[in-house]
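What follows is one structure encoded as C-alpha cells, with my remarks underneath.
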Amino acid sequence: GVTGIEAVVGALNERRVEGLLLDEQFSGVAGAQCAVCGLLATEGETCPADGAEMIQLDDLTDAAIELAVQQSAEILAVRHERDKLDEYAGAAALLRF
C-alpha cells in the first residue's frame, strides 16, 4: 500500500488502487485536475501527461473519490482509530499491484 496524499494521488493516476482509505473528516487538501484526461495532482498549472490546463481545486477529496470509483476501488471512510491515519495526512491506499 501507499500512504500520504501525494502517493495516493499517484496510485490513483496509475489505476492501481484496490481500496482508498480516508479519514472520515479528510478535506481541505488543495490540488489540481487535468481538464482533458482527469489526471490528479497536488499542484501544477499544466498536466504532466498531456500539457493541458489543470483545473485548480480547493479540495481534491471528491476528485480522488471519483477516480477511485472509476477504477472499481473500494472506498473506506475511517471512523474509528482515525489517529492511525494521522501520520499519513489522513489518506492511504491498498494497491492491486
Side-chain angles (χ1 to χ4, degrees):
V2 294
T3 55
I5 192 62
E6 288 198 22
V8 168
V9 164
L12 285 167
N13 287 332
E14 295 168 357
R15 306 294 194 260
R16 297 173 53 210
V17 175
E18 179 79 28
L20 178 64
L21 289 78
L22 294 175
D23 182 317
E24 69 172 353
Q25 295 179 1
F26 182 85
S27 68
V29 176
Q33 187 167 31
C34 178
V36 175
C37 73
L39 182 130
L40 275 183
T42 53
E43 60 185 359
E45 306 261 329
T46 57
C47 178
D50 60 25
E53 180 184 356
M54 298 287 274
I55 299 166
Q56 300 304 305
L57 306 171
D58 291 333
D59 185 346
L60 57 71
T61 306
D62 288 344
I65 290 171
E66 184 178 327
L67 205 50
V69 168
Q70 288 174 9
Q71 55 200 267
S72 302
E74 186 175 356
I75 314 295
L76 304 166
V78 177
R79 292 183 177 86
H80 304 289
E81 300 188 46
R82 290 176 29 226
D83 58 321
K84 295 209 167 44
L85 270 180
D86 283 350
E87 63 185 290
Y88 308 124
L94 304 173
L95 303 181
R96 298 180 198 280
F97 57 90

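Basis for what follows: all heavy atoms, side chains included, without hydrogens, waters or symmetry-related copies.
Side-chain atoms of Q71 come within 3.5 Å of backbone atoms of L12 as a donor-acceptor pair (strictly under, hydrogens ignored). Between the side chain of Q56 and the main chain of G44, a donor-acceptor pair closer than 3.5 Å is present. With N13 contributing its side chain and L40 its backbone, the two residues share a donor-acceptor pair below 3.5 Å.
Across all non-hydrogen atoms, the minimal contact from G1 to L95 is CA-CG, 4.1 Å. Scanning all heavy atoms of the two residues, the minimum distance from A63 to L57 falls at CB-CD1, 4.0 Å. Across V36 and A52, no two heavy atoms sit closer than the pair CG2-CB, 3.4 Å. Of all heavy-atom pairs spanning A91 and I5, the tightest one is CB-CD1, 4.2 Å. When all heavy atoms of I75 and A68 are compared, the closest pair comes out as CD1-CB, 3.4 Å.
No side-chain heavy atom of L67 sits less than 4.5 Å from a side-chain heavy atom of V9. Counting only heavy atoms from C-beta outward, the side chains of L20 and V8 approach each other to under 4.5 Å. Within the 4.5 Å cutoff, the side chain of V17 has no heavy atoms near those of the L94 side chain. For the pair P48 and L39, the minimum side-chain heavy-atom distance is below 4.5 Å. Counting only heavy atoms from C-beta outward, the side chains of Q33 and L60 never approach each other to under 4.5 Å. Under the 4.5 Å side-chain criterion, counting only non-hydrogen atoms from C-beta, L22 is not in contact with L76. In this structure, F26 and V78 have side chains that are not in contact, with every pair of non-hydrogen atoms separated by 4.5 Å or more.
Clustering ILVMFWY residues whenever any of their side-chain heavy atoms sit less than 4.5 angstrom apart, transitively, puts V29 in a cluster other than the one holding M54.
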Problem set entry | Check against side chain to side chain contact (heavy atoms under 4.5 Å, CB included), R79 and E24 | CA-CA 6 Å; R79 292 183 177 86; E24 69 172 353; 2.9 Å; yes
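Within the structure, the salt bridge (Lys or Arg N to Asp or Glu O under 4.0 Å) test picks out the following pairs touching residues 14-23 (sequence neighbours left out): E14-R16, E18-R96, D23-R82.
Here E53 contributes atom CD and C34 contributes atom SG; the two are 9.0 Å apart, rounded to the nearest 0.5 Å. Residue C37 holds its SG atom at 4.5 Å from CG of D50, rounded to the nearest 0.5 Å.
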